2 protein chains.
Amino acid sequence: MSDLLERLRERGWRLTAQRRVVAEVLDGDHVHLTADEVHARAARRLPEISRATVYNTLRELVHRGEVLEVSTDGRAKRYDPNAHRPHHHLLCSRCGSMRDVRPTGDLLADLPPSQSFGFTVSEVEVTYRGVCPDCAG
Amino acid sequence: MSDLLERLRERGWRLTAQRRVVAEVLDGDHVHLTADEVHARAARRLPEISRATVYNTLRELVHRGEVLEVSTDGRAKRYDPNAHRPHHHLLCSRCGSMRDVRPTGDLLADLPPSQSFGFTVSEVEVTYRGVCPDCAG
DNA sequence: CCTTGCTTTAGATCCTGTCCAAGGTAGGGT
DNA sequence: ACCCTACCTTGGACAGGATCTAAAGCAAGG
């Protein structure tokens, strides 16, 4: 994730302690934190960081394609740093926890042109829902 | 949709003017209204109907499997009366409008067991994103 | 090291949706 | 036909998530 910050700096992003901490928090596999969770973890390293900055930074990272924003049925959005390898999500309908998954098959191709209704279709998102091991039983 | 009301009444649902109006509003193909839109349209026929009742009724209908609740990226949820024929959605990333689509292929089967992470997977939802004819250009 | 313009901040504000207590009413029972 | 009562509806308060604002702060090029 440090490469990320360098890359963004070269594209004119000002490098601040806050942005560094947010980027550090968003590191790893199967990381799907809500904005508030990001804020809480960032605040452990930088106690004065504000919620607004976390939201701003996340919005920027999403906008620049470095982080994926995943909506989860009315709950708080989650942020996924694994934006460069395409994947989908498996969502626990009880607790809202998520895992990254990679289904087989070409999903975009599964939509026949007759079903496009004149849209320029550019993206598919698949959400599998179920109950996670922790919530089962 | 009148069958719907009869069916529900037989299952012990009390039939009120408000519920009738909400059911009437939610009729047709490619209908994906937000709760507030449902309320606005219902109020044209029944001016005193309250937002709370619309939310309650929608929640009930979803719970009984008669209406589908579709989340759309942090915007207001939309309600889809076409719950009995399985289908997916094509969402305009500009204006949020939707169409029903029926992709080919068995999407649940596309998730290999190795990717289940111990979840009991029961549902797949596919969202195609693109730009609708009205927003293009 | 100074200046400029981008960033951060706290708090107000917005939007969606839920909760509450009080009054209203569908429809089974008589 | 009319009561009763449990279920419904209502408006307003409330809660959570996210955005906006104006003022103060600070990165980094000159």
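Since this is a predicted model, take the numbers as computed values, not measurements. Only this structure's heavy atoms are used, side chains among them; waters, hydrogens and symmetry mates stay out. Note on naming: letters A, B, ... go to the chains in the order of the sequence lines (proteins, then strands), and numbering restarts at 1 for each one.
The distance between atom CH2 of A:W13 and atom C1' of D:dG29, rounded to the nearest whole Å, is 20 Å. If you measure from atom NE2 of B:H39 to atom C1' of D:dT10, you get 10 Å, rounded to the nearest angstrom. Atom pair B:L8:CG and C:dG27:P shows a separation of 12 Å (rounding to whole Å applied). Atom C1' of nucleotide C:dA12 and atom CZ of A:R51 are separated by 14 Å, given to the nearest angstrom. Atoms CG (B:D36) and C1' (C:dC14) sit 13 Å apart, rounded to a whole Å. Computed from coordinates, the A:E10 CD to D:dA28 C1' distance equals 15 Å when rounded to whole Å. Between the P atom of D:dT9 and the CG atom of B:L58 lies a distance of 12 Å, rounded to the nearest Å. Rounding to whole angstrom units, CZ of residue A:R75 and P of C:dG17 are separated by 15 Å.
Between B:Q18 and D:dT10, a side-chain N or O to OP1/OP2 separation shorter than 4.0 Å is present. At C:dG17, one or more side-chain N or O atoms of B:Y55 fall inside 4.0 Å of OP1 or OP2 (strictly under the cut-off).
Note on B:R19: only backbone sugar-phosphate atoms sit closer than 4.0 angstrom, heavy atoms only; bases stay farther off. Within 4.0 Å of B:T53, counting heavy atoms only, lies at least one base atom of the nucleic acid.
A donor-acceptor pair under 3.5 Å links the side-chain atoms of A:R19 to the main chain of A:R14, judged by distance alone.
Shortest non-hydrogen contact noted between B:F117 and A:P133 is O-CG, 3.4 Å.
Counting only heavy atoms from C-beta on, A:N56 has its side chain closest to C:dT9 among D:dG11, C:dT16, C:dT9. Which of D:dG11, C:dT16, C:dT8 sits closest to the side chain of B:A52 comes down to D:dG11. Here C:dG17 is the nucleotide among D:dA18, D:dT10, C:dG17 with the atom lying nearest to any side-chain atom of B:K77. The side chain of B:R9 sits closest to C:dG27 out of C:dA10, C:dG27, C:dG17. Closest contact between the side chain of B:T16 and the listed nucleotides C:dG17, C:dG27, D:dC8 involves D:dC8.
Ring geometry for A:H89 versus A:H87: interplanar angle over 60°, hence perpendicular rather than tilted (30 to 60°).
No N or O donor and acceptor, one from the side chain of B:R14 and one from the base of D:dC8, sit under 3.5 Å apart.
Two residues are said to be in side-chain contact when any heavy atoms from C-beta on lie closer than 4.5 Å; A:T127 and B:V124 fail this criterion.
A salt bridge links B:R11 and B:E66; the closest N-O separation between the charged side-chain nitrogens and carboxylate oxygens is under 4.0 Å.
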